[in-house]
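What follows is a set of notes on a single structure, which appears directly below.
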Amino acid sequence: MTASERILAALTGLLSHFAALSALAWSLNLGLTLVVLGLTIGAGRLARRITRIGAHRLPGPVDAEMTVRANRLARLAGWIVQSLAGVAAVLLIADIWGFNLLAWTATPLGARLLAGVIRLGLLAIATVAVFEVVSLAIGRGMDGFADHAVEPRRRAQLATLAPLLRGVAQTAIVIVASLMALSELGVKIGPLLAGAGVVGVALGFGAQTLVKDFLTGIFLIVEDIVSVGDIIRIGDSGGLVEQMTLRTIRLRDFDGTVHVFPYSEAQVLHNLTKSFSYYVFNLQVSYDSDLDAALKIMERVGARLKADPAFSDKVLEPIEIVGVDSLADSGVVLKARIKTQPLQQWNVGREYNRRIKLAFDEAGVEIPFPHLKVVMPERQVSELAGARAVAN
């Protein structure tokens, strides 16, 4: 008997079975089917709600990451319960209409198919569970190391490494689970792995930039050149490092613009906030001002700023007066700098500029502004004087 003939025979038998049912049997079977479907949907929703409530009541600190993962696990648990309820509903509905599917699973083909489905389901559940547990363990472990780190720089480095390690671990888990699933489906993964190796070499030659991005990012983090929370400048763009992924670094500047750079494009990186920072002052005073007095005022204002409780923890060392830096067109440039905590140089600098302006005004030290002096030739001066005499 051909396959089409077997299918036609099965359909004919199915139609004959339904045609033999009475109207009362049809009504009862439909009613029982709706009841089973309703119970199945209700069981799935109840399971999701219970697991979500239980996840939110877990002991320990609750943060954004824990909330997201708890909701994800709750959805997974609800999906598992709903899937099991769906399988049970299919078996019950088939039995209501006179088909014994459990007896079919006793056949060699049915047994193999059922065993394969069960193994794939368990593999999917185990993959998701390991995926979440490893991600949570890496996050918690890095947070624990960061909490015990003495130096703030080390905490920032650990916070930068956490998402990278999580991404590598999650990618490895997905690849291993996919190969195991293919093996369960009967695919020989030995030749597949060999072919993947060849394809990987080809992609490696074609995607050298991606490999360069990844390796450059790893060295940037391991060598502690940049971390999340630093303020850096790459080319003409700069800002706060918000995130470092496997191949890109993301900056957000002062006006909120986000700049995304592949690591391979960050050939020259300027870190403005590593370990400590300096705020450099280039103050101009007029040529008529007493330079020694102006320098003493700058030193005195810097000492008072460091003694201020609001800024004492931000200023690391007394102000360093460099002296007369240049003779500009409009005035004399006096140079100084203050060593501060990372990220605090701008706050300290703004406050010092405010105080030095008030101090210069009080001492009568003039801060010049650009001006233009016009010197007329001698002939034009005499002609102008003659014209004025005639007019008078």
Side-chain angles (χ1 to χ4, degrees), residues 145-160 220-234 237-242 251-254 266 268-286 289-328 330-368:
F145 290 142
D147 292 338
H148 291 88
V150 178
E151 300 179 359
R153 186 71 192 173
R154 182 61 59 185
R155 291 196 294 269
Q157 187 179 18
L158 292 172
T160 305
L220 284 177
I221 297 171
V222 171
E223 295 177 2
D224 195 22
I225 296 176
V226 62
S227 297
V228 173
D230 289 342
I231 293 181
I232 66 173
R233 188 172 68 252
I234 300 175
S237 302
L240 176 69
V241 179
E242 280 194 338
L251 313 180
R252 186 178 294 274
D253 64 16
F254 187 72
V268 180
L269 189 150
H270 307 273
N271 194 334
L272 307 181
T273 56
K274 183 177 179 181
S275 302
F276 61 87
S277 301
Y278 278 105
Y279 192 94
V280 180
F281 302 94
N282 292 297
L283 303 177
Q284 280 197 23
V285 297
S286 65
S289 301
D290 187 343
L291 298 183
D292 293 333
L295 292 174
K296 289 181 180 179
I297 293 173
M298 291 174 61
E299 184 176 4
R300 183 169 64 251
V301 171
R304 291 177 179 175
L305 181 65
K306 189 178 187 308
D308 191 335
F311 293 91
S312 59
D313 58 337
K314 301 177 183 178
V315 179
L316 298 179
E317 295 180 359
I319 186 172
E320 180 182 353
I321 305 297
V322 179
V324 177
D325 188 62
S326 64
L327 302 178
S330 301
V332 181
V333 179
L334 307 180
K335 197 178 194 69
R337 67 177 185 176
I338 295 180
K339 187 176 183 180
T340 70
Q341 294 282 1
L343 299 173
Q344 299 299 325
Q345 65 266 39
W346 296 285
N347 292 331
V348 173
R350 283 189 288 267
E351 178 63 19
Y352 184 87
N353 286 330
R354 186 185 71 84
R355 296 188 181 198
I356 197 66
K357 173 63 170 62
L358 297 176
F360 278 173
D361 291 344
E362 183 179 356
V365 177
E366 181 184 357
I367 299 176

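Numbers here simply count residues along the sequence, with the first being 1.
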Here the pair of heavy atoms bringing L295 nearest to G323 is CD2-CA, 4.3 Å
Under the side chain to side chain contact (heavy atoms under 4.5 Å, CB included) rule, what do K306 and I319 come out as? Steps first, then yes or no, please. CA-CA 8 Å; K306 189 178 187 308; I319 186 172; over 6 Å; no
Under the side chain to side chain contact (heavy atoms under 4.5 Å, CB included) criterion, do Q345 and T340 qualify, and how do the steps go? CA-CA 6 Å; Q345 65 266 39; T340 70; 3.5 Å; yes
Heavy-atom check, side chain of V241 versus side chain of I231, under 4.5 Å: no
I338 vs L305 side-chain heavy atoms within contact, under 4.5 Å: yes
Separation of D325 CG from Q284 CD (nearest 0.5 Å): 10.5 Å
Determine the interplanar angle of the Y278 and F276 rings, folded into 0 to 90°, and report it as parallel if under 30°, tilted if 30 to 60°, perpendicular if over 60°. perpendicular
Could you tell me which non-hydrogen atom of P368 sits nearest to which non-hydrogen atom of S286, and how far apart they are? CD-N, 3.5 Å
The residue among T273, L272, D230 that forms side-chain contact (heavy atoms from CB on, under 4.5 Å) with P342 is T273
CZ (R337) and CD (E317) are apart, to the nearest 0.5 Å, by 8.5 Å
Rounded to the nearest 0.5 Å, the CG atom of L269 sits from the CD1 atom of I234 at a distance of 4.5 Å
Could you walk me through whether L283 and V285 satisfy the side chain to side chain contact (heavy atoms under 4.5 Å, CB included) test, starting with their C-alpha distance in whole Å, then the side-chain angles of each, then the deciding distance to 0.1 Å, before giving a yes or no? CA-CA 7 Å; L283 303 177; V285 297; 5.6 Å; no
Do E320 side-chain atoms and P318 backbone N/O form a donor-acceptor pair below 3.5 Å? no
Flag yes if more than 12 heavy atoms outside Q341 fall under 6.0 Å of its CD atom; otherwise flag no. yes
When every non-hydrogen atom of S312 is compared with those of P309, the smallest separation belongs to OG-O, 3.5 Å
Least distance between heavy atoms, G238 atom then D253 atom: O-CB, 3.1 Å
Side-chain donor-acceptor pairs of residues 349-358 under 3.5 Å, sequence neighbours excluded:
unit_1	atom_1	unit_2	atom_2	d
R350	NH2	N347	OD1	2.7
E351	OE1	R354	NE	3.4
E351	OE2	R354	NH2	2.7
E351	OE2	R355	NE	2.7
E351	OE2	R355	NH2	3.3
Y352	OH	M298	O	2.8
N353	ND2	G349	O	3.2
R355	NH2	D308	OD2	2.6
K357	NZ	D361	OD1	3.3
K357	NZ	D361	OD2	2.4

Rounded to the nearest 0.5 Å, how far apart are CG of L251 and CG of L240? 8.0 Å
About how many Å separate NZ of K274 and CD1 of I225, when rounded to the nearest 0.5 Å? 6.5 Å
Separation between CG (D313) and CD (Q344), nearest 0.5 Å, reads 7.5 Å
Show your reasoning for whether side chain to side chain contact (heavy atoms under 4.5 Å, CB included) applies to V348 and Y279. CA-CA 8 Å; V348 173; Y279 192 94; 5.7 Å; no
